[in-house]
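Lettering of chains follows the sequences in order, A, B, ..., and the numbering in each one begins at 1. No hydrogens, no waters, no symmetry mates; every other heavy atom, side chains included, goes into these values. Just so it is clear, the model here is predicted, and its values are computed rather than measured.
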There are 2 protein chains.
Amino acid sequence: MVTSKNCIIRLSRYKNALYRLLSLGFLKVFSETLADEVGVTASQVRKDFSLFGISGNKKGGYQIEALLNKLSSILGKDKLQKVIVVGSGHIGTALMKYKGFEKEGIKITAGFDIDPAKCNKSGTVPVLPIGELKDFVKNDAIKIGIIATPDIAAQQVADLMFEAGIKGILNFAPIRIKSPQDSIVNYVNLELELENVIYFVNALNKPLSLSKDSA
Amino acid sequence: MVTSKNCIIRLSRYKNALYRLLSLGFLKVFSETLADEVGVTASQVRKDFSLFGISGNKKGGYQIEALLNKLSSILGKDKLQKVIVVGSGHIGTALMKYKGFEKEGIKITAGFDIDPAKCNKSGTVPVLPIGELKDFVKNDAIKIGIIATPDIAAQQVADLMFEAGIKGILNFAPIRIKSPQDSIVNYVNLELELENVIYFVNALNKPLSLSKDSA
DNA sequence: TAGATTGTTAATCGATTAACAATC
DNA sequence: TAGATTGTTAATCGATTAACAATC
């Protein structure tokens, strides 16, 4: 892989910051300014851009609008991305109802659940029986799916998704997914993120002995 | 900081894997096995453990139960951690109702919202007016908070939290939080995670020219 | 004992940062 | 022009991995 995940994450952050700057009336930006905005170094910004052949003006910095177009195209934001969600528990439902995706060109076109009682074809985002997933995904040529099921179901759901032609998964279940070579799985693990915050809060309180002391 | 975020994240993963192994009836584990389970190298496992003065038996590997006790204590899982949530939109509400935290010793004791219509003192997790946050947090000595508000409100909410004595924040709003030195903020940005999956799915489809071509 | 595994040191790898020539 | 900023190369930094002596 030529580009690291972190690098792509930064591109997204640049994009978000640039929209903010644009809405404040700015037309161009220096690497230094953008770096401050996002919390990285100016070197980092220029390095990232050069990796993607994005260039600015030796003196005038970067044209924000042109930059946004390039970043959006790199990130696949130039066309609507259709996504499905499996699992209509608390998290799954929240994602289906979440307004933040639309403005990013991401549309959740359907949810799926194994429990018929949770299905509902007539909602804004219809929730369909899991049995219909394969046809739905194939018909709409959907490539991205979200797993928001209990962990015991996650691998099975992932297998079904891959079989249907899905290539990328965002997985909320706290379990490692086995996936084919030509696919990608990203993880969001809420317990783990909270646990991490807890650790560092506790560590801040302790005097300063985090180092090795050998039990 | 002596220990990196990634290292702590791995400790959490080790812990989860060890619970799984324990439930399968194993009593001890080699670094190699645990590494496979979590998807890292055996060196990594031993290195991480040695950073925290955790030692095993030169031949017999590590006692799972003792290991779990140590990891739990390092991660602060030996006592109940009380957490509040601000913002009772889709995500905030899902978090309040989420069952996964309890088994990890994390308890969401209250939610807060600026909209009186969304408040409800009698639910399983009461949702209180934001004005009551400060007293509530102080009285219960709460150190951890979750922000699930719109991005425009996030910084203000964070300031209020810090003022009340909160030291660690998990922030779901897609905005960078300015925070005091003695505090920590972790970010969960759902749009960004999805965007990342989208990028790599598109990149997998493209032949193989991710490299620089200079515009 | 011989074999296997830990704990730790040294080597490697990759990502970030600094520096600076090119140039507007 | 002089000053400022880019684009890129080289240096630094930190994290991961390999190797191996100690030892059970």
Which pairs count as salt bridge (Lys or Arg N to Asp or Glu O under 4.0 Å) when at least one residue sits in residues 17-31 of chain A, sequence neighbours excluded? A:Arg20-A:Glu37

Can you check the B:Phe49 CZ to C:dT5 P distance for me, whole Å? 16 Å

Between P on C:dT8 and CG on B:Leu51, what's the gap in Å once rounded to a whole number? 10 Å

Ionic contact status for B:Glu65 with B:Lys70, cut-off 4.0 Å: no

Criterion side-chain contact (heavy atoms from CB on, under 4.5 Å) against A:Met161, the qualifying member of A:Ile169, A:Ile144, A:Ile142: A:Ile169

If only side-chain N and O atoms of B:Thr41 are considered, is one of them under 4.0 Å from the OP1 or OP2 phosphate oxygen of D:dT17? yes

Would you kindly give the NZ-to-P distance between B:Lys5 and D:dG14, to the nearest whole Å? 19 Å

Salt-bridge contact A:Glu32-A:Arg46 (side-chain N to carboxylate O under 4.0 Å): no

Expressed as a whole number of angstroms, how long is the span from A:Leu34:CG to D:dT5:C1'? 14 Å

Interatomic distance where CD belongs to B:Gln44 and P belongs to D:dA18 [whole Å]: 11 Å

For DNA chain C, the dot-bracket pattern of Watson-Crick and G-U pairs whose distances stay under 3.5 Å, | for other-strand partners: ..||||||||||||||||||||||

Within less than 4.0 Å of OP1 or OP2 of D:dG7, is there a side-chain N or O belonging to A:Ser50? no

Please name all residues satisfying side chain to side chain contact (heavy atoms under 4.5 Å, CB included) with B:Thr41, sequence neighbours left out, ordered by chain then number. B:Ser43, B:Gln44

When you look at B:Lys107 and B:Glu102, which way does the salt bridge (Lys or Arg N to Asp or Glu O under 4.0 Å) test go after all the steps? CA-CA 6 Å; B:Lys107 184 166 172 65; B:Glu102 223 164 300; over 6 Å; no

Please report whether the ring centroid of B:Phe49 lies less than 6.0 Å from that of B:Tyr62. yes

Proximal nucleotide (of D:dC24, D:dT16, D:dT6) relative to the B:Lys59 side chain: D:dC24

Please enumerate all residues that pass side chain to side chain donor-acceptor pair (under 3.5 Å) together with A:Lys134, with sequence neighbours excluded. A:Glu163

What is the nucleic acid contact for A:Tyr62, judged by heavy atoms within less than 4.0 Å: base, sugar-phosphate only, or nothing? sugar-phosphate

Under 4.0 Å, heavy atom to any atom of DNA chain D: which of residues 18-27 of chain A qualify? none

Nucleotide C:dA18, atom C1' - distance to CD of A:Glu32 in whole Å: 13 Å

Under 4.0 angstrom between B:Arg46 side-chain N/O and D:dT17 OP1 or OP2: no

Measure CD1/B:Ile8 against C1'/D:dA15 and give the value in whole Å, please. 14 Å

In terms of side-chain heavy atoms of B:Phe30, which of C:dT6, D:dT6, C:dT9 is nearest? C:dT6

Partner set under side chain to side chain contact (heavy atoms under 4.5 Å, CB included) for B:Thr93, not counting sequence neighbours: B:Ser88, B:Lys97

Tell me which nucleotide among C:dT16, D:dC24, D:dT17 gets nearest to the side chain of B:Lys58. D:dC24

Distance check needed: C:dT6 C1' versus B:Lys47 NZ, whole Å only. 14 Å

Under 4.0 Å: is that the gap between some side-chain N or O of A:Ser43 and OP1 or OP2 of C:dT16? no

Would B:Lys5 and A:Glu193 pass as an ion pair if we require N to O under 4.0 Å? yes

